[in-house]
Amino acid sequence: KQNISASVYTAAYFKNVDTGFAGSGYGSLLGTVNGGSNWTFTGTCTCFITGICFSDDQHGIFGGTAGVYRTVDGGASWFESTNIPYFVPNRIAAFQDSVFVAIYGASFYRSSDYGTIWSKDTVNSYSNYSLSGLSFSDEQHGFTISGDGHLFTTSDLGISWSFLAATGISNVSTLLFIDTLTGYLVAGQYYIYKTNNGGLTWTFDYVAPSLISALDADQHSVFAVGQNGMFLRKGLSTGIRPPLFDTMYKVYPNPATDEIFLSGIDRATDIAVYNFCGMCVQKSTVQPGGSIDISLLPDGIYGAVIITAAQQQWVLFAKQ
């Protein structure tokens, strides 16, 4: 343990077990190359730093209430970005292929050039509440939620968003999706709610003994950390869960009413459709360019399993 400063550090990111960064409420950015044993100043800004992330070893961003700074040399040097969003704590994410995403106010921000220029999409037009949670279950499928519980989803890495559900939960501060079915949110800073059907419905799961500041997960557990050194862990069930959604196949239109098409199908392929209870509700064989009739399915979110000789892959679609 090293006392790196008297400042309060409000953001952190580790690229691997050795290399990481920490940002403070006073705009100081520190870096370590030995797992946190030693820290050195690597950058500064005039804002309260609320987020740090990297899309690869060389390209990263950090920012806060007054600006976004980016690096192209692994954090050795930083310079200010343009057309910037204003970050809120822990609400930024990075992906391969140069994509960074963030939320602020009612809007979602997306950059496809390593944070140089950002586009803005006003997501929450349902209320005056700001977006307070952002979580991606894979490199395409994500969720964001407003403080009064309006949940939105994307299946194209934030290029477009659609309204998913009014959860009826207020004072939402944190959102985490393990996959496209299983998610958690924190309301009132103490109360954890869970969904098993992709956010359509939520049930109360746990009340924490101290204020929760963040949720995280690995393949086995969900973690909550908060005030007074609180560290909570919940093991994930071992039930069947769809794997991460493969980007080889795309479903369109999405949402759909009567039929869907799948791009990437080059031969007669077996398709099985599952509801969010894990029940197979439809099976069919699709030819290239052919459609799947979903007109008799109830409205809701479904997973289509593309069954090939090598493996099974999933895509998500909505019937409405």
Side-chain angles (χ1 to χ4, degrees), residues 13 51 53-55 90-97 99-103 108-110 121 123 131-146 149-165 167 169 172-186 192-203 205 214-224 234-252 254-255 273-278 300-306 311-319:
Y13 180 88
C53 62
F54 278 74
S55 62
N90 304 316
R91 306 296 186 263
I92 61 174
F95 300 90
Q96 295 180 355
D97 300 325
V99 176
F100 290 103
V101 298
I103 57 173
F108 176 83
Y109 293 81
R110 186 179 190 274
D121 181 12
V123 175
L131 299 173
S132 58
L134 176 67
S135 180
F136 279 80
S137 57
D138 59 43
E139 296 246 340
Q140 295 294 321
H141 299 83
F143 300 83
T144 187
I145 194 168
S146 63
H150 287 88
L151 184 66
F152 305 84
T153 184
T154 179
S155 58
D156 54 16
L157 223 178
I159 295 176
S160 61
W161 290 86
S162 59
F163 174 72
L164 182 61
T167 65
I169 303 171
V172 178
S173 59
T174 303
L175 182 70
L176 172 70
F177 271 82
I178 309 303
D179 52 39
T180 51
L181 299 181
T182 308
Y184 296 83
L185 64 79
V186 176
I192 300 176
Y193 290 79
K194 179 181 180 181
T195 180
N196 286 316
N197 58 11
L200 295 179
T201 59
W202 296 79
T203 56
D205 198 52
L215 294 176
D216 204 350
D218 60 21
Q219 60 181 337
H220 302 295
S221 303
V222 179
F223 305 96
K234 178 180 181 178
L236 293 172
S237 67
T238 57
I240 296 175
R241 180 182 292 111
L244 293 181
F245 287 74
D246 196 284
T247 58
M248 175 181 176
Y249 301 102
K250 301 290 185 182
V251 61
Y252 64 94
N254 191 8
V273 176
Y274 287 79
N275 64 19
F276 269 11
C277 295
I301 308 296
Y302 295 88
V305 186
I306 297 92
Q311 59 185 328
Q312 296 184 8
Q313 298 173 334
W314 291 70
V315 290
L316 190 72
F317 70 92
K319 162 70 188 303

Hey, which of F136, F54, F100 is the one that makes ring-ring contact (aromatic ring centres under 6.0 Å, His included) with F95?
F136
Between S137 and I178 (side chain of the first, backbone of the second, donor and acceptor by atom type, cut-off under 3.5 Å), is there such a pair?
no
For R110 versus L157, what's the shortest heavy-atom pair and its separation?
NE-O, 2.7 Å
When rounded to the nearest 0.5 angstrom, what distance separates OG1 in T201 from CG in N196?
8.0 Å
Report yes or no: does T174 contribute a side-chain atom to a donor-acceptor pair with the main-chain N or O of L185 at less than 3.5 Å?
no
Closest approach of L131 and V123, non-hydrogen atoms and distance?
CD1-CB, 4.1 Å
How far apart are the closest heavy atoms of L151 and F143, and which atoms are they?
CD1-CB, 4.2 Å
For residues L164 and G198, report the shortest heavy-atom separation together with the two atoms involved.
CD2-O, 3.1 Å
Once you round to the nearest 0.5 Å, how far does OG1 of T154 lie from NE2 of H141?
8.5 Å
Between S146 and V172, is there a side-chain heavy-atom distance shorter than 4.5 Å?
no
Can you tell me how far apart CG (L134) and CD1 (I145) are? Round to the nearest 0.5 Å.
11.5 Å
Looking only at heavy atoms, what is the nearest atom pair of G199 and A165, with distance?
O-CB, 3.6 Å
In terms of the angle between their ring planes, are F163 and H150 parallel, tilted or perpendicular, with boundaries placed at 30° and 60°?
tilted
Distance, nearest 0.5 Å, that separates CG of L200 from OG1 of T167:
11.5 Å
Rounded at 0.5 Å granularity, tell me how far OG1 in T144 sits from CD1 in I103.
4.0 Å
Taking the ring of F152 and the ring of F108, is the distance between their centroids below 6.0 Å?
no
Within the structure provided, determine whether D205 and K234 are in side-chain contact (heavy-atom separation under 4.5 Å).
yes
Return yes if some donor-acceptor pair links the side-chain N/O of S135 with the main-chain N/O of F177 below 3.5 Å, else return no.
yes
Which atom names give the shortest non-hydrogen contact between S221 and G235, and what distance separates them?
OG-CA, 4.1 Å
